[in-house]
Engineer: 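I'd like to ask some things about the structure below.
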Amino acid sequence: MRTVAVVGLGTMGTGIAEVLARAGRRVIGIDVSGAAAAHAVRALEAATARAVRRERIDEEERRAVLARFRTTCELSAAADADLVVEVVPEDYALKHEVFTALDALVRPDAILATGTNALSVTRLAADSARPERVLGLHFFNPAPAMKLVEVVSSVLTAPAAVAAVTELARELGKEPVAVGDRPGFVADGLLFGYLNQAAAMYESRYATREDIDAAMRLGCGLPMGPLALLDLIGVDTARTVLEAMYAASHDRLHAPAPVLGQLAAAGLTGRKAGRGFYTYESQDSPVVVPDERTTPAGASGNGAGGTAVREVRAVGVAGSGTMASGIAEVFAKAGYAVVLAARSPEKALAAKERIAKSLARSVDKGRLTPAEREAALAAITPAGSLDAFAEVDLAVEAVAEELTVKQQLFATLDKVCKPGAVLATTTSSLPVIACARATSRPQDVVGMHFFNPAPAMKLVEVVRTVLTADDVHATVRAVCARVRKHPVDCGDRAGFIVNALLFPYLNNAVKMVQEHYASLDDIDAAMKLGGGYPMGPFELLDVVGLDVSLAIERVLHREFRDPGLAPAPLLEHLVAAGCLGRKTGRGFREYARR
């Protein structure tokens, strides 16, 4: 495969041409638009010039790369290519027209690859004169940077063609993943359902676009929030992919959110148009500029900016586990007096000892001075009873994720805490209002969902119920700022922002394995390399715990009543077998026991 033709010189086609040319292939760039062809040449010139400035290649190598790339408006130029990669717009009629023309042009042994991520590779192959030579070759944007390439075979594709293209992908420095033919394949099949749910969440005004994006970046470590990513991909492109996925799956999670169609119809297709979910400095610019939907700095999506706040000097943390210890550490380092209450004095002392070790590690890593460590430890008072919360201004519970346990605790807090104290739950899946109704002051109760490990994770979901007072909401946001956490506002419904978007994605990954569509390793690799995820879905499930994941998925399914949210049977079977992830030594994978 020394000579490769790339048909379609948009952003993706241009990126693929660059990858091929820099890997020593002769590349014929073909586009019906002379302007697009000229733009592709300029893009390659600019990219190679940057590479020279960064000393990744020298000037002689740059000239050689540019010499290997030529453009034309004539499809007949593909006649002598060993491989043709089609990257024209996602329209079946257009792609079929290109493949039909190529059938009459290319050599009998040439391979024809489509770059589609939404249309049927099998249908394109079946309509071709040489179905055994047709396959999918799905690069990710930007092609020069993204390592993943999905090699898509249909039931008609010859194994030799798959092997040849897979080897080429490796020679290009990419990580090829073999997948079957279904809309979205692995990476987009999981990604676009998640993006669609985020768009629907925004459309319902459950949370602002800024809070949705910040929640997924800070809560999951993603490089971009879902709405910003939709703007980058193109709102129209995303809708096309979702339409194809829905047509194949009839899963309501893939039915495009109406807002996607509305934005596309209005021409607000994202960065390429200068406006989508966000407004940009200009067309194709990554720079977001304020618009009429921009939330003022320091204000919340629910208009709490400027609301008076209650004074918080002392904080009570109820619990003795990892989350409670982490939250107590966060407050102590921020200068609050902290009462750490557990079911016994011994458990409270053990929790403080855990905090001491964590603070010592921070000193070793240069994040704290020894004096700061001592001050934080001195600020924490362990207690064996909630009676110690009598004078706290904010009480935060981090006990077991069981509603009856939390309700009993809030009933106790109601009796113990002084009037005006803010009562917060760290629940990730239970209704905050159910905790609030266990008290005589539901207006003082709010959700304050930290993420584990609390000292490291920057996100806090601030969950207000229909009864939460404005000043309580504003107080918690002010406290988040003081402890250097990023608060995002959301209403009191299952999953809040992060878990409501994260766990359906994880559940769909389990379904892929259950259906024998792809392996654990290929799915994890696809999401890390193609989606920029810090962990693959199965790595994450084993870390979180399969029992915890199943509990959250059941809550989501029970609240939203969507069949697509029903937990995958494979997940239920593993939990029933006691395979709960790393904590038991076996989940989706096996781990060495400590």
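For the numbers below, each heavy atom of this structure counts, side chains included, while hydrogens, waters and symmetry mates do not.
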Engineer: I want to check something: taking the side chain as every heavy atom from C-beta on, are L571 and Q514 in contact at a cut-off of under 4.5 Å?
Structural biologist: no
Engineer: So which heavy atom on N499 is nearest to which on S428, and how close?
Structural biologist: ND2-O, 3.5 Å
Engineer: Indicate yes or no for a side-chain donor-acceptor contact from K272 to the backbone of D231 under 3.5 Å, with no hydrogens or angles considered.
Structural biologist: no
Engineer: Distance check, rounded to the nearest 0.5 Å: M1 atom CE versus L172 atom CG?
Structural biologist: 10.0 Å
Engineer: When you measure from the side chain of R209 to the backbone N and O of F277, does any donor-acceptor pair fall under 3.5 Å?
Structural biologist: yes
Engineer: Charged N to carboxylate O under 4.0 angstrom, D521 versus R589?
Structural biologist: yes
Engineer: Please report the interatomic distance CG(L83) to CG(L135), rounded to the nearest 0.5 Å.
Structural biologist: 8.0 Å
Engineer: Does any part of the side chain of V7, heavy atoms only, come nearer than 4.5 Å to the side chain of L75, both counted from C-beta?
Structural biologist: yes
Engineer: Is the NZ or CZ atom of R275 positioned over Y280's six-membered ring, under 6.0 angstrom from the centre and within 45° of the axis?
Structural biologist: no
Engineer: Return yes if some donor-acceptor pair links the side-chain N/O of E132 with the main-chain N/O of A158 below 3.5 Å, else return no.
Structural biologist: no
Engineer: For T14 versus A40, what's the shortest heavy-atom pair and its separation?
Structural biologist: OG1-CB, 3.6 Å
Engineer: Under the 3.5 angstrom rule, does the side chain of N196 hit a backbone N or O of A257 as a donor-acceptor pair?
Structural biologist: yes
Engineer: Evaluate the side-chain proximity of L253 to N508: yes if any heavy-atom separation is below 4.5 Å, no if none is.
Structural biologist: yes
Engineer: Please give me the minimum heavy-atom distance between A228 and Y278, naming the atom from each residue.
Structural biologist: N-CE1, 3.9 Å
Engineer: With a 4.5 Å cut-off on side-chain heavy atoms, are V513 and F588 touching?
Structural biologist: no
Engineer: Just by distance, do the side chain of D103 and the backbone of A129 share a donor-acceptor pair under 3.5 Å?
Structural biologist: yes
Engineer: Hydrogens and angles aside, do T157 and S154 bring a side-chain donor and acceptor to less than 3.5 Å of each other?
Structural biologist: yes
Engineer: Quick one: sort the Y533 and Y194 rings into parallel, tilted or perpendicular, breaks at 30° and 60°.
Structural biologist: perpendicular
Engineer: What I'd like to find out is whether the side chain of P537 reaches to under 4.5 Å of the side chain of D524, using heavy atoms alone.
Structural biologist: yes
Engineer: Would you call L44 and V65 a side-chain contact if the rule is heavy atoms closer than 4.5 Å?
Structural biologist: yes
Engineer: Does a side chain donor of either D181 or T122 reach within less than 3.5 Å of an acceptor in the other side chain?
Structural biologist: yes
Engineer: Would you please test E86 and F99 for side-chain contact (heavy atoms from CB on, under 4.5 Å) and show each step?
Structural biologist: CA-CA 8 Å; E86 165 276 308; F99 271 76; 3.6 Å; yes
Engineer: Could you tell me the separation between the CG atom of L102 and the NZ atom of K95, rounded to the nearest 0.5 Å?
Structural biologist: 12.0 Å
Engineer: Check the pair T114 / V121 against side-chain contact (heavy atoms from CB on, under 4.5 Å), numbers first and verdict last.
Structural biologist: CA-CA 7 Å; T114 174; V121 176; 4.0 Å; yes
Engineer: Within the side chain of R133, is there an N or O that forms a donor-acceptor pair under 3.5 Å with the backbone of L112?
Structural biologist: no
Engineer: In sequence, state the C-alpha distance, the side-chain angles, and the governing distance for R2 and D82, and then conclude on side-chain contact (heavy atoms from CB on, under 4.5 Å).
Structural biologist: CA-CA 7 Å; R2 304 307 305 170; D82 304 304; 4.1 Å; yes
Engineer: Pairing donors with acceptors under 3.5 angstrom, does anything connect the side chains of T116 and E90?
Structural biologist: yes
Engineer: E150 side chain to F139 main-chain N or O, any donor-acceptor pair under 3.5 Å?
Structural biologist: no
Engineer: Examine the side chains of R239 and T269 and answer whether a donor and an acceptor come within less than 3.5 Å of each other.
Structural biologist: no
Engineer: Is it true that, when you exclude R293 itself, more than 12 heavy atoms of the residues, nucleotides or ligands shown sit nearer than 6.0 Å to its CZ?
Structural biologist: yes
Engineer: Ion pair present between R271 and E281, side-chain N to carboxylate O less than 4.0 angstrom?
Structural biologist: no
Engineer: Using a 3.5 Å distance criterion without hydrogens, assess whether the side chain of R56 forms a donor-acceptor pair with backbone atoms of R54.
Structural biologist: no
Engineer: Measure the CE-CG distance between M245 and N117 for me, rounded to the nearest 0.5 Å.
Structural biologist: 9.5 Å
Engineer: Output yes when R582 and E539 qualify as a salt bridge under the 4.0 Å nitrogen-oxygen rule, no when they do not.
Structural biologist: no
Engineer: Got more than 12 heavy atoms from elsewhere within 6.0 Å of NE2, H39?
Structural biologist: no
Engineer: Locate the shortest heavy-atom distance separating L459 from V498; write the atom from each residue and the value.
Structural biologist: CD2-CG2, 3.7 Å
Engineer: Check whether D213 reaches the backbone of L227 with its side chain - one donor and one acceptor, N or O, closer than 3.5 Å.
Structural biologist: yes
Engineer: Classify the ring geometry between H138 and F140 as parallel (under 30°), tilted (30 to 60°) or perpendicular (over 60°).
Structural biologist: tilted
Engineer: side-chain contact (heavy atoms from CB on, under 4.5 Å), that's the test. Do L229 and L191 meet it? Break it down for me.
Structural biologist: CA-CA 10 Å; L229 183 54; L191 178 66; 4.0 Å; yes
Engineer: Does R123 count as lying over the ring of Y92, i.e. NZ or CZ under 6.0 Å from the six-ring centre, within 45 degrees of the axis?
Structural biologist: yes
Engineer: Check the pair E171, R25 against salt bridge (Lys or Arg N to Asp or Glu O under 4.0 Å), reporting the backbone distance first and the verdict last.
Structural biologist: CA-CA 11 Å; E171 291 172 5; R25 268 59 183 182; 2.4 Å; yes
Engineer: Within the structure provided, determine whether V543 and L541 are in side-chain contact (heavy-atom separation under 4.5 Å).
Structural biologist: no
Engineer: Which heavy atom of A164 sits nearest a heavy atom of I111, and at what distance?
Structural biologist: CB-CD1, 4.0 Å
Engineer: I need the L565 CG to F560 CZ distance, nearest 0.5 Å.
Structural biologist: 7.5 Å
Engineer: From H486 NE2 over to K458 NZ, what is the distance, rounded to the nearest 0.5 angstrom?
Structural biologist: 12.0 Å
Engineer: Indicate yes or no: at least one non-hydrogen side-chain atom of L232 is less than 4.5 angstrom from one of M224.
Structural biologist: yes
Engineer: Got more than 12 heavy atoms from elsewhere within 6.0 Å of CD, E97?
Structural biologist: no
Engineer: Could you verify whether a donor N or O on one side chain and an acceptor N or O on the other, from T294 and D291, lie under 3.5 Å apart?
Structural biologist: yes
Engineer: Strictly distance-based, threshold 3.5 Å: is any side-chain N or O of E572 a donor or acceptor partner for the main-chain N or O of L550?
Structural biologist: no
Engineer: Only one of L501, N507, L502 passes side chain to side chain contact (heavy atoms under 4.5 Å, CB included) with Y505; say which it is.
Structural biologist: L502
Engineer: If you compare all heavy atoms of A518 against all heavy atoms of I523, which two are closest, and at what distance to 0.1 Å?
Structural biologist: CB-CG1, 3.7 Å
Engineer: Counting neighbours of CD on E59 that are heavy atoms of other residues, nucleotides or ligands and sit closer than 6.0 Å, is the number greater than 12?
Structural biologist: yes
